[in-house]
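This report concerns only the one structure given below.
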Amino acid sequence: MEERYDFQRVEAKWQKVWEETSLYRVEEGGKRPKYYVLEMFPYPSGDLHMGHVRNYSIGDVVARYKVMRGYNVLHPMGWDAFGLPAENAAIRHGIHPATWTERNIANMRRQLRAMGFSYDWTREVTTCLPEYYRWTQWLFLLLFKNGLAYKKKAAVNWCPSCQTVLANEQVVGGLCERCESIVEKRELEQWFFRITAYAERLLEGLERLPGWPEKVKVMQENWIGKSHGVEVTFLAPDGTAVPVFTTRPDTLYGVTYLVLAPEHPLVERLVAGRPQAEAVREFIRRARQMSTADRTAAEREKEGLFTGAYARHPLTGEPVPLWVANYVLLEYGTGAVMGVPAHDQRDYEFARAYGLPIRVVIRPPEAGLEADTLAAAYEGDGIMVHSGPFDGLPNREGGERITAHLEEKGLGRRQVNYRLRDWLISRQRYWGAPIPIVYCPRCGTVPVPEGQLPVLLPQDVAFKPSGESPLQSCREFLETTCPQCGAPARRESDTMDTFVCSSWYFLRYTSPRQEDRPFDAQRVNYWMAVDQYIGGVEHAILHLMYARFFTKVLYDLGLVGVDEPFTNLLTQGMVLKDGSKMSKSRGNVVSPEEIMRQYGADTARLFILFAAPPEKDLEWSDAGVEGCHRFLNRVWRLVGSLRRELLEVKAEDAAVRAADRELRRLLHQTIKRVTEDIEERFNFNTAISALMELVNGLYRYRDDIPAADRHRGLLKEAVEKLVILLAPFVPHLSEELWHLLGHTTSVHRESWPAYDETALVTEEVEVVVQINGRVRDRLRLPVGLSHERAREAALAQERVQQWVAGRRVAKVVWVPDKLINSVVQ
RNA sequence: GCCGGAGUGGCGGAACUGGCAGACGCAACGGACUUAAAAUCCGUUGGGCCGCAAGGCCCGUGCGGGUUCGAUCCCCGCCUCCGGCACCA
């Protein structure tokens with residue numbers, strides 16, 4: 001054996017062998033229980049980055065570990081291959097998006113193989129291939145047929161730089177999630193998926209996901225934003241009903257005005273013919289022009305205008321002025337709100353700015369509240385005042401009563417509202433799955449029949465510098481015939497949001513070459529749900545909610561047997577360098593390929609697993625990588641130095657001495673720790689440190705005990721089990737060592753070692769001796785001592801005597817085999 | 001503002017159910033081997049103090065309090081950082 005291990009040779013050698021022997025190929029069925037490990041598939045940007053390496057190293061440990069635990073493990077990989085960068089490359093460098101994507105995939109596939117991940121590559125899935133997007137289109141049609149895909153004209157988010165519309169989820173603080181341009185509002189007719197129909201199910205389902213991080217569940221909960229309230233109807237004198245939504249019916253008597261969103265359809269009717277009409281119309285025009293960013297800007301000056309109209313208060317009959325204001329959103333609730341300045345901070349600010357009256361109707365406990373001196377709205381609980389027959393009631397109860405009263409009189413009804421909006425899936429771009437719809441002058445909107453799928457992207461198109469989709473001017477694509485009547489018709493030129501493609505890829509992996517269906521029912525039900533899903537937290541809302549939505553729809557339609565796709569979710573932290581995220585602009589990118597070249601894949605994997613627990617951010621450290629590499633060499637030399645000795649071992653039962661027992665205990669303790677660290681908490685960093693300690697222990701044993709005196713059988717067990725325990729983390733080195741130890745089958749086919757409880761027990765333990773909770777001494781005591789005996793032993797100690805001298809021992813606390821604490825005086 | 005999460009040596013991080021704070025690794029320093037270097041191996045390494053030494057004492061897990069024989073861990077109040085949401089009525 002060489003002095004240093006030649007990682008380049010070893011890694012290349014085993015990657016080849018694994019591939020030739022199809023080591024990672026999986027089939028459905030068999031006696032072993034199934035286990036589906038999935039890592040979020042990458043966008044083929046060109047090169048693997050450290051985030052990928054981390055994500056996939058974590059997944060690979062889980063996959064290999066589960067195989068060794070006797071599971072039939074599905075561990076696939078694929079490509080989220082549609083998307084804007086490919087199109088931008090086409091515009092800038094004149095490469096066709098398909099070519100660009102193919103090249104990137106080839107390169108990244110090579111890099112993934114070089115990392116030694118245990119994927120079943122026969123199941124590889126690529127979303128931009130017709131054999132895949134055909135089924136994305138099929139699923140679109142399925143949603144369409146079930147009323148879950150529809151087209152509507154709406155004010156939508158438009159990114160001027162990406163030249164396309166965006167879903168709500170893709171607008172972050174008024175900026176485009178991708179390019180951070182300011183997003184504009186545009187009135188456009190677009191395709192939507194009716195995800196709001198599943199709002200309640202998506203919310204309720206979270207409760208059945210104990211294996212998800214609380215953080216992600218809370219984020220989704222907030223995004224769905226359920227709130228209970230009452231829809232109250234105010235009537236204008238001309239009979240126009242102005243419904244408002246409120247969660248505070250208890251403050252109904254405090255209403256001093258109503259506000260409508262500028263875009264509210266009733267506004268025109270209310271102002272028509274009034275002196276205010278022109279001013280209001282101008283106000284609406286200005287509000288419309290404002291970008292989302294402006295409207296959500298930090299200062300957010302509340303602006304509004306009186307319409308001249310009044311409505312009648314449903315309980316008091318008093319006239320209430322109707323306003324329009326920019327702080328009311330058309331999309332939420334009824335697009336109109338009641339203004340209660342005394343008990344809502346926004347209303348308070350608006351009322352103060354425009355001199356509207358303030359009426360206190362909730363009195364805080366033990367304090368007065370005067371409208372004139374009010375410095376801010378009082379939003380807490382209290383006793384109702386100035387509320388007619390409801391005076392004196394606690395506000396919660398009063399709210400209930402008012403609601404009941406309104407319902408009785410037909411003036412309002414209980415209502416549940418969600419913040420979640422329908423998912424806008426149209427994209428005005430080329431590199432995506434075409435929406436399979438044809439517009440016929442006679443038949444209208446016609447779905448492309450299933451038999452005619454896929455609607456292929458035309459290959460030969462010209463990419464314009466403006467970014468405008470070439471599909472919009474591609475006659476061969478646009479011009480078609482109506483599938484219903486055969487008349488000339490026009491194809492939909494928009495493509496689907498790439499999140500549609502990634503909303504079902506985990507189903508396709510179960511039967512990736514299925515030609516007549518998106519997936520095979522039997523196979524999908526064998527593998528689903530994904531037992532462990534791993535990816536970045538940036539998808540907490542977007543991808544993870546869309547995928548849940550798709551799964552629920554398919555479940556309802558009987559296509560899959562589960563309604564939650566991912567049973568357990570692990571969101572891994574970012575990889576940082578010098579305290580911030582690696583990025584080209586910061587110039588702090590560490591290339592995985594470079595690390596592999598210098599240290600090998602095993603070192604890269606080991607470091608990234610060792611440096612931090614998976615869910616935390618990880619600070620890249622060249623010195624740390626160096627240290628991991630050193631450790632692997634240390635393992636190599638250990639095995640190298642003992643190999644001859646171990647190869648000759650026959651069944652041998654030497655006398656077991658203290659050092660042997662010590663080694664045996666260390667070994668089994670390590671098995672226990674590594675197993676529990678992986679199994680219970682995915683704490684690979686502590687699992688690895690346990691393995692380091694085992695290696696240190698083996699060195700000590702080797703150096704302290706002369707070769708002739710070593711218990712070779714035990715030593716062999718320890719070294720072999722060490723190699724097996726290392727296998728999920730550093731698969732190449734482990735495989736090489738395994739074979740050097742005389743084995744001819746793969747270490748990755750070995751069973752995970754079990755630990756022997758009896759090996760863990762010791763006769764003696766070190767017990768901490770405390771006086772008043774402070775450590776004063778240590779004591780070696782036999783295991784399982786009684787309180788009485790331990791107390792005697794402790795008090796007999798000279799050091800304890802010194803501390804106790806002349807004082808009364810009030811109490812002695814005995815934590816068996818760990819600690820004895822005497823409380824004195 | 002609201003909702004999450006986190007603050008531990010020079011650094012990354014450990015500490016299981018309230019029981020030895022700092023495992024493991026990095027860095028640093030000292031030493032061995034070497035003509036030299038690399039590699040490797042051994043030792044020291046939270047701070048302060050007492051002691052020739054063996055050894056011992058005090059302080060220490062963001063800050064201030066509390067509960068407890070005993071708190072990194074539980075409770076109350078604050079500070080800082082990170083993430084999410086942000087006129088959602």
Side-chain angles (χ1 to χ4, degrees), chain A residues 3-4 172-174 213-223 225-227 229 244-248 251 259 295-298 300-302 325-329 331-340 343-347 349-350 417-421 537-538 540-541 573-574 606-607 610-613 615-628 630-631 633-634 637 673 676-677 680-681 683 685-693 695-696 699 703 766-778 799 802 810-816 818-824:
Chain A
E3 176 64 19
R4 288 178 70 81
V172 180
E214 207 48 42
K215 172 183 166 155
V216 174
K217 287 193 279 189
V218 167
M219 280 167 73
Q220 290 209 2
E221 228 172 87
N222 291 342
W223 191 262
K226 182 179 184 175
S227 68
V244 302
F245 175 74
T246 180
T247 55
R248 295 290 304 271
T251 64
V259 200
R295 268 177 93 161
T296 56
R300 301 191 283 243
E301 205 54 38
K302 286 182 180 41
N326 61 358
Y327 75 95
V328 177
L329 305 168
E331 312 90 72
Y332 186 77
T334 61
V337 301
M338 58 190 213
V340 187
H343 304 293
D344 182 290
Q345 188 56 27
R346 292 158 306 185
D347 297 346
E349 285 163 23
F350 190 71
N417 261 319
Y418 300 91
R419 287 182 26 174
L420 183 70
R421 306 287 144 74
V537 73
E538 65 272 18
I541 296 172
M574 286 188 299
L606 189 71
F607 169 72
F610 178 61
E615 66 283 359
K616 281 184 119 189
D617 286 351
L618 178 153
E619 174 69 29
W620 185 264
S621 152
D622 292 329
V625 176
E626 208 68 71
C628 286
R630 258 201 300 272
F631 169 70
N633 265 305
R634 218 166 125 72
R637 286 194 310 273
R673 282 175 64 187
E676 287 173 354
D677 282 347
E680 286 162 25
R681 315 182 291 168
N683 278 2
N685 56 331
T686 48
I688 292 166
S689 69
L691 289 166
M692 288 172 168
E693 286 180 72
V695 170
N696 292 344
Y699 264 94
D703 295 342
E766 193 178 72
V767 169
V768 170
V769 181
Q770 292 187 336
I771 307 291
N772 289 343
R774 323 201 53 149
V775 182
R776 297 302 180 192
D777 207 352
R778 280 148 224 272
R799 299 218 4 85
Q802 280 168 25
K811 182 176 168 187
V812 176
V813 180
W814 168 233
V815 182
K818 269 191 184 160
L819 174 144
I820 185 149
N821 184 19
S822 310
V823 185
V824 299

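- Among the protein residues, A:Gly333 comes within range of no part of the nucleic acid, since none of its heavy atoms lies under 4.0 Å from any strand.
- Between the side chain of A:Asn417 and the main chain of A:Ser227, no donor-acceptor pair closer than 3.5 Å is present.
- If you find the closest nucleotide of RNA chain B to A:Ala623 and to A:Asn821, the one lying nearer the 5' end belongs to A:Ala623.
- Using a 4.0 Å heavy-atom criterion, one finds that A:Glu693 contacts the sugar-phosphate atoms exclusively.
- With sequence neighbours excluded, the residues forming a side-chain contact (heavy atoms from CB on, under 4.5 Å) with A:Lys215 are A:Met219, A:Val537, listed by chain and number.
- Every side-chain contact (heavy atoms from CB on, under 4.5 Å) that A:Asn696 has, sequence neighbours left out, goes to A:Arg634, A:Arg700.
- For B:rA23, the OP1/OP2 oxygens have no side-chain nitrogen or oxygen of A:Thr686 closer than 4.0 Å.
- When both pairing distances are held under 3.5 Å, B:rA6 makes a Watson-Crick or G-U pair with B:rU80.
- The existence of a salt bridge linking A:Glu221 and A:Lys226 is excluded, since no basic side-chain nitrogen approaches an acidic carboxylate oxygen closer than 4.0 Å.
- Of the candidates B:rA14, B:rC85, B:rA89, the closest approach to any side-chain atom of A:Trp223 belongs to B:rC85.
- Listed nucleotides B:rC87, B:rA89, B:rG19 differ in distance to A:Thr247; the shortest reach to its side chain belongs to B:rA89.
- To the nearest angstrom, P of B:rC26 lies 15 Å from CG of A:Asn685.
- Nearest nucleotide to the A:Arg637 side chain, out of B:rG19, B:rG25, B:rU40: B:rU40.
- Atom pair A:Leu691:CG and B:rA23:P shows a separation of 18 Å (rounding to whole Å applied).
- Closest contact between the side chain of A:Val823 and the listed nucleotides B:rG84, B:rA89, B:rC69 involves B:rC69.
- Residue A:Val775 places its side chain closer to B:rA21 than to any other of B:rA21, B:rA39, B:rG13.
- The base-pairing partner of B:rC73, taking Watson-Crick or G-U wobble contacts with both distances under 3.5 Å, does not exist among the strands shown.
- Between B:rU8 and B:rC3, the two C1' atoms lie 26 Å apart (nearest whole Å).
- The phosphate of B:rC2 (OP1 or OP2) has no side-chain N or O of A:Asn222 nearer than 4.0 angstrom.
- For A:Phe610, taking side-chain heavy atoms from C-beta onward, the closest of the listed nucleotides B:rG13, B:rG12, B:rG84 is B:rG12.
- Residue A:Ser822 is out of contact with every strand shown, counting any heavy-atom pair closer than 4.0 Å.
- Using atom C1' as the reference point in both B:rG60 and B:rA54, the two lie 26 Å apart (nearest Å).
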Given the rule in the side-chain contact (heavy atoms from CB on, under 4.5 Å) test, do A:Phe610 and A:Leu691 qualify, once you have shown the distances and angles that lead to the verdict?
CA-CA 11 Å; A:Phe610 178 61; A:Leu691 289 166; over 6 Å; no
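- Base pairing annotation: B:rA14 forms no Watson-Crick or G-U wobble pair, as no partner gives both donor-acceptor distances under 3.5 Å.
- Across B:rG62 and B:rU72, the matching C1' atoms stand 12 Å from one another, rounded to whole Å.
- When both distances must be under 3.5 Å, the Watson-Crick or G-U wobble mate of B:rA53 does not exist.
- The base-pairing partner of B:rA36, taking Watson-Crick or G-U wobble contacts with both distances under 3.5 Å, does not exist among the strands shown.
- Candidate nucleotides B:rC24, B:rA89, B:rC85 were compared by shortest atom distance to the side chain of A:Arg419, and B:rC85 ranks first.
- Among the atoms of the strands shown, base atoms are found under 4.0 Å from some heavy atom of A:Gln770.
- Spacing between atom CG of A:Asn696 and atom C1' of B:rC41 amounts to 12 Å, rounded to whole angstrom units.
- Atom CE of A:Met574 and atom P of B:rG5 are 18 Å apart (whole Å).
- At a threshold of 4.0 angstrom between heavy atoms, the contacts of A:Asp617 are confined to the sugar-phosphate backbone, with no base atom among them.
- Atom NE2 in A:His343 sits about 18 Å away from atom P in B:rA89, given to the nearest Å.
- Per the geometry, NZ belonging to A:Lys226 stands 13 Å off P belonging to B:rA89, to the nearest Å.
- The gap from the P atom of B:rG70 to that of B:rG19 amounts to 15 Å, rounded to the nearest Å.
- Between A:Glu766 and A:Glu676, the residue anchored closer to the 5' end of RNA chain B is A:Glu676, taking for each the nucleotide with the nearest heavy atom.
- Nucleotides B:rG13 and B:rU61 have their C1' atoms positioned 13 Å apart, rounded to a whole Å.
- Only one option out of A:Asn326, A:Val244, A:Val328, A:Asp347 pairs with A:Val259 in a side-chain contact (heavy atoms from CB on, under 4.5 Å); it is A:Val328.
- Of all nucleotides present, none satisfies the Watson-Crick or G-U wobble test against B:rC87 with each distance under 3.5 Å.
- Of the candidate nucleotides B:rA27, B:rC85, B:rG19, B:rA27 has the atom lying nearest to any side-chain atom of A:Arg630.
- Distances from the side chain of A:Arg681 to the nucleotides B:rA15, B:rC87, B:rA89 place B:rA15 closest.
- The gap from the P atom of B:rA6 to that of B:rA15 amounts to 14 Å, rounded to the nearest Å.
- Nucleotides B:rU45 and B:rG10, compared at atom C1', are 10 Å apart to the nearest Å.
- Side-chain contact between A:Val824 and A:Asn772: present, with at least one pair of heavy atoms (C-beta onward) separated by less than 4.5 Å.
- For B:rC69, the OP1/OP2 oxygens have a side-chain nitrogen or oxygen of A:Lys811 closer than 4.0 Å.
- Here the side chain of A:Lys302 is nearest to one of B:rG25, B:rC87, B:rA39, namely B:rC87.
- When the P atom of B:rC20 is taken as reference, atom CD1 of A:Ile820 falls 15 Å away, rounded to whole Å.
- Using a 4.0 Å cut-off, some side-chain N or O of A:Arg774 falls inside it from OP1 or OP2 of B:rC59.
- Atom NZ in A:Lys217 sits roughly 12 Å away from atom P in B:rG5 (whole-Å rounding).
- No side-chain donor-acceptor contact under 3.5 Å links A:Gln770 to the backbone of A:Arg776.
- Backbone-only contact: A:Val218 has heavy atoms under 4.0 Å from sugar-phosphate atoms and none from a base.
- Here the shortest heavy-atom pairing between A:Tyr418 and A:Tyr332 reads O-CE1, 3.6 Å.
- Contact between the side-chain N/O atoms of A:Arg776 and the OP1/OP2 oxygens of B:rC58 is found at a separation under 4.0 Å.
- Nucleotide B:rG9 is shown with a syn base, its glycosidic torsion being within 90° of 0.
- Within the shown strands, nothing qualifies as a pairing partner of B:rA23 under the Watson-Crick or G-U definition with both distances less than 3.5 Å.
- Between A:Arg634 and the phosphate of B:rA39, there is no side-chain N or O to OP1/OP2 separation shorter than 4.0 Å.
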